[in-house]
*Asks:* 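Dumping the structure here so I can ask a few things about it.
Numbers here simply count residues along the sequence, with the first being 1. These numbers were taken from a predicted model, which means no experiment stands behind them.
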Amino acid sequence: MFGGVGGLLEFRSGLLASHGFASLALAYFAYEDLPSFLGDVDLKYFEEAAQFLCNHPKVSGEGVGVIAICKGAEMGLAMGTYLPEVAATVCINGTNAVNGNSLSYGDFIMPGIPYQTERLMFTDRGTLTVSHVMADPRKPEHQDSVFPVEKARGPILFIVGENDQNYDSLFFAKETLARAHKYGKKDVYLRSYPGAGHLLEPPGSPFCPVSQSPFFPLPLTWGGELLPHCRAQEHSWKETLDFLRQNIPCSRRNKL
């Protein structure tokens, strides 16, 4: 799953398929009959996607992996925390709490931490930086919005660019890691890359420190430095594949 631009992006899913994974690229807004804007989120939509993949004849059915970036990583962490179908989760430059929109799952509702839009920053280059829009999830009033990752069935891997200028991703990942250790969950991992920005994509993807978003009047700053970012893309992709191979049950019906 991808982030706050919405739509359906399939290149990472296609690359995973080329490595033998049964892979589903999942849109969750701004695509066909889905909502144009991301409002309150129902986790049952994502549960149906996980069950659809589990029920595929060439999937083991014992669990699926989730890999997601940005706002999608927030949804991915929710899936890993609450859905028994999820055996492993990879969060790329995500958060540790529900932000903006609320999240529901049956009768259970997690309130979103309100965005602090007054903290949008305009750069000298004519771009926007939104990394300060997220409120501090450590505040007492936001505790009901923080994901209880200790409930997750499987391991969680955080991949973080330390020069991310869209989220304070390293902070959010460290907070999740600290919570997991506090409650005795030892299979939460962090891979952090100095000089890498927000848009960590598979190897060979172009370095993109700034781009236009359909939901903002000015381009957004993603951050990163060319060489460190590209090296991080190469290393993190290998880490992702190794993590998924180690933690996703393999179907004996699949001869790949």
*Asks:* Restricting to pairs with a member in residues 194-217, which pass salt bridge (charged side-chain N to carboxylate O under 4.0 Å, His left out), not counting sequence neighbours?
*Replies:*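 Counting only pairs at least two positions apart or across chains, the salt bridge (charged side-chain N to carboxylate O under 4.0 Å, His left out) contacts touching residues 194-217 are Arg12-Glu201.
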*Asks:* I need the full list of side-chain hydrogen bond (donor to acceptor under 3.5 Å, both in side chains) pairs touching residues 20-35, with sequence neighbours left out, sorted by first then second residue.
*Replies:*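 For residues 20-35, and leaving out neighbouring residues, the side-chain hydrogen bond (donor to acceptor under 3.5 Å, both in side chains) pairs sorted by first residue read Ser13-Ser23.
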*Asks:* What pairs with Arg119 under side-chain hydrogen bond (donor to acceptor under 3.5 Å, both in side chains), at least two apart in sequence or on another chain?
*Replies:*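 Partners of Arg119 under the side-chain hydrogen bond (donor to acceptor under 3.5 Å, both in side chains) test: Gln116.
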*Asks:* Restricting to side-chain hydrogen bond (donor to acceptor under 3.5 Å, both in side chains), what partner residues turn up for Ser145, sequence neighbours left out?
*Replies:* none
*Asks:* Let me know which of Thr95, Asn101, Asn166 forms a side chain to side chain donor-acceptor pair (under 3.5 Å) with Lys71.
*Replies:* Asn101
*Asks:* Considering only distance and modelled atom types, tabulate donor-acceptor pairs under 3.5 Å from the side chains of residues 42-49, sequence neighbours left out.
*Replies:*
| unit_1 | atom_1 | unit_2 | atom_2 | d |
| --- | --- | --- | --- | --- |
| Asp42 | OD1 | Lys44 | N | 3.0 |
| Tyr45 | OH | Ala27 | O | 2.5 |
| Glu47 | OE2 | Tyr105 | OH | 2.6 |

*Asks:* Regarding Asp40 and Ser102, is there a side-chain donor-to-acceptor distance under 3.5 Å anywhere?
*Replies:*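 A pair is found: one side chain offers a donor N or O, the other an acceptor, under 3.5 Å apart.
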*Asks:* List, one per line, each side-chain donor-acceptor pair under 3.5 Å for residues 173-180, sequence neighbours excluded.
*Replies:*
| unit_1 | atom_1 | unit_2 | atom_2 | d |
| --- | --- | --- | --- | --- |
| Thr176 | OG1 | Phe172 | O | 2.9 |
| Arg179 | NE | Glu150 | OE1 | 2.9 |
| Arg179 | NH2 | Glu150 | OE2 | 3.0 |

*Asks:* Would you call Asn93 and Cys70 a side-chain contact if the rule is heavy atoms closer than 4.5 Å?
*Replies:*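 No, side chains not in contact.
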*Asks:* Please check if the side chain of Gln143 supplies one atom and the backbone of Arg138 the other of a donor-acceptor pair under 3.5 Å.
*Replies:* yes
*Asks:* Who passes side-chain hydrogen bond (donor to acceptor under 3.5 Å, both in side chains) against Thr127, sequence neighbours left out?
*Replies:*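 Counting only residues at least two positions away or on another chain, Thr127 forms a side-chain hydrogen bond (donor to acceptor under 3.5 Å, both in side chains) with Thr123, Thr221.
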*Asks:* Do any side-chain atoms of residues 79-91 form donor-acceptor pairs under 3.5 angstrom with protein atoms, and if so which ones, sequence neighbours left out?
*Replies:*
| unit_1 | atom_1 | unit_2 | atom_2 | d |
| --- | --- | --- | --- | --- |
| Thr81 | OG1 | Leu77 | O | 2.7 |
| Glu85 | OE2 | Gln51 | NE2 | 3.1 |

*Asks:* Does Ile109 sit in a hydrophobic cluster with other residues, and if so which ones, taking ILVMFWY side chains as linked at heavy-atom separations under 4.5 Å, directly or through other members?
*Replies:*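 Hydrophobic cluster check, Ile109: no partners found.
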*Asks:* When rounded to the nearest 0.5 angstrom, what distance separates OH in Tyr167 from CD1 in Ile69?
*Replies:* 10.0 Å
*Asks:* Going by side-chain hydrogen bond (donor to acceptor under 3.5 Å, both in side chains), name the residues that satisfy it together with Arg153, two or more places apart in sequence or in a different chain.
*Replies:* none
*Asks:* In terms of side-chain geometry, is the basic nitrogen of Glu234 or Arg231 positioned less than 4.0 Å from the acidic oxygen of its partner?
*Replies:* no
*Asks:* Distance-only check: which donor-acceptor pairs under 3.5 Å involve side-chain atoms of residues 204-218, not counting sequence neighbours?
*Replies:*
| unit_1 | atom_1 | unit_2 | atom_2 | d |
| --- | --- | --- | --- | --- |
| Ser205 | OG | Pro202 | O | 2.8 |
| Ser211 | OG | Trp222 | NE1 | 2.7 |
| Gln212 | NE2 | Phe216 | O | 3.1 |
| Ser213 | OG | Phe215 | N | 3.2 |

*Asks:* Tell me whether the rings of Phe2 and Phe11 are parallel (<30°), tilted (30 to 60°) or perpendicular (>60°).
*Replies:*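 Answer is tilted, since the angle falls between 30° and 60°.
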*Asks:* For His235, what residues pass the ring-ring contact (aromatic ring centres under 6.0 Å, His included) criterion, not counting sequence neighbours?
*Replies:*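 Partners of His235 by the ring-ring contact (aromatic ring centres under 6.0 Å, His included) criterion, ordered by chain and then number, come out as Tyr193.
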*Asks:* Could you tell me whether the side chain of His142 and the main chain of Ile113 form a donor-acceptor pair under 3.5 Å?
*Replies:*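 Checked: no pair found.
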